[in-house]
Amino acid sequence: MPGRGPQRIFGRFTAWCARTVACALHGEDAGKVWRDLTARADRSPIPVTSQRFGRGRLTGSSLRWFGFAPDPGPGDSRWLTFAEAVDKARRGDGSGFADAALGNARAWTTPLALGMTCADDRGYHGYEEYVRARREARRVSPDLGGATFDQLGCRGWPLPIANPSRPLPVRGLPPLLGAGTWSDYTLTDSLVRRVPGSATVRYDGPGHVLYLSGNRCAIGHATRYLTDLTPPPPGTVCLPGD
């Protein structure tokens, strides 16, 4: 479910919008505009049509799941587009979100996607668990919180769980190296630090696939680890441009 990491990124967006005249929501409380939009869409979904994916409706949940772009993009282009889409959607035109919302909804309900989620025991095990998860997600992330979309699809999954949840078998493992950006550091670190002696490099920027990103700092730490299995000190941070 969306947690503190994505919420912090959304806070970066609202701060950026407050100081950026080109942002379509500049001069307003961008967070409130977004929360009002998603709450209204939960009550009355916005009809949309996508040339690629046909007709559908934008609920507040689908906007929170698929609407926000955590990576500002070159020249903040993705955040500029997101703000414009929010401004249009609050006036009843959800076209700026149509492809992302309907396309992702289709992709995440394919048998392959459901199999990866449900067979790995990531679905909710009952309504009470779902309610607890939704309540906690909204507490941690008021702008993006809600029940995780792919886990909802596992209710009624007809096949046995192939990979049930269980403690990570860390005995005998060498120290691991993780690396994470704004959006994935928290999840990466929560896994890696279960293995004694491990460390996670925090990249203070957006994106994924750090070893291919061109960031010499992240690449250097990964290469040293792959060469001699020695992770960097805990708390290591790489900055864009390093």
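Note that this is a predicted model, so its numbers are computed, not measured.
With contacts defined as side-chain heavy-atom distances shorter than 4.5 Å, the pair N104/S62 does not qualify. Counting only heavy atoms from C-beta outward, the side chains of F82 and D76 never approach each other to under 4.5 Å. Here the side chains of P142 and Q7 are in contact, with some heavy-atom distance below 4.5 Å. Under the 4.5 Å side-chain criterion, counting only non-hydrogen atoms from C-beta, P206 is in contact with P72. In this structure, R194 and L173 have side chains that are not in contact, with every pair of non-hydrogen atoms separated by 4.5 Å or more. For the pair L102 and R106, the minimum side-chain heavy-atom distance is 4.5 Å or more. Counting heavy atoms from C-beta outward, W65 and W108 have side chains that stay 4.5 Å or more apart.
We find that E136 and R139 are joined by a salt bridge, their nearest charged nitrogen and carboxylate oxygen being less than 4.0 Å apart. Between R12 and D204, at least one side-chain N (NZ, or NE/NH1/NH2) sits under 4.0 Å from a carboxylate O, which counts as a salt bridge. In this structure, R91 pairs ionically with D87, as a charged nitrogen and a carboxylate oxygen lie closer than 4.0 Å.
The closest donor-acceptor contact from the side chain of D120 to the backbone of R122 lies at 3.5 Å or more, if one exists at all. Remark: the backbone N or O of I161 is not paired with any side-chain donor or acceptor of D121 at under 3.5 angstrom. Between the side chain of S141 and the backbone N or O of R138, no donor-acceptor pair lies under 3.5 Å. No donor-acceptor distance shorter than 3.5 angstrom exists from the side chain of T223 to the backbone of G220, with no hydrogens or angles considered. At distances below 3.5 Å, not a single donor-acceptor pair connects side-chain atoms of T20 with backbone N or O atoms of C23. A donor-acceptor contact shorter than 3.5 Å links the side chain of D184 to the backbone of T181. Between the side chain of T38 and the main chain of R35, a donor-acceptor pair closer than 3.5 Å is present.
The minimum heavy-atom distance linking P231 with L176 is given by the pair CB-O, 4.2 Å. Here the shortest heavy-atom pairing between A30 and C17 reads CB-SG, 4.3 Å. In terms of heavy atoms, V201 sits closest to Y185 at O-CD1, 3.9 Å. Heavy atoms only, all atoms of each residue included: A83 and F13 are closest at CB-CZ, 4.3 Å. Pairing each heavy atom of C238 with each of H221, the nearest pair is SG-CD2, 3.8 Å. Contact record, S190 with R193: CA-NE, 3.7 Å, taken as the closest heavy-atom pair.
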Report the C-alpha separation of D71 and W79 in whole Å, then their side-chain angles, then the decisive distance to 0.1 Å, and conclude whether the side chain to side chain donor-acceptor pair (under 3.5 Å) test is met.
CA-CA 8 Å; D71 185 343; W79 280 0; over 6 Å; no

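Criterion: ILVMFWY side-chain heavy atoms under 4.5 Å apart, direct or through other members. Under it, L191 and M116 are not part of a common hydrophobic cluster.
Under the side-chain contact (heavy atoms from CB on, under 4.5 Å) rule, F68 has a single partner from D143, L63, I9, which is I9.
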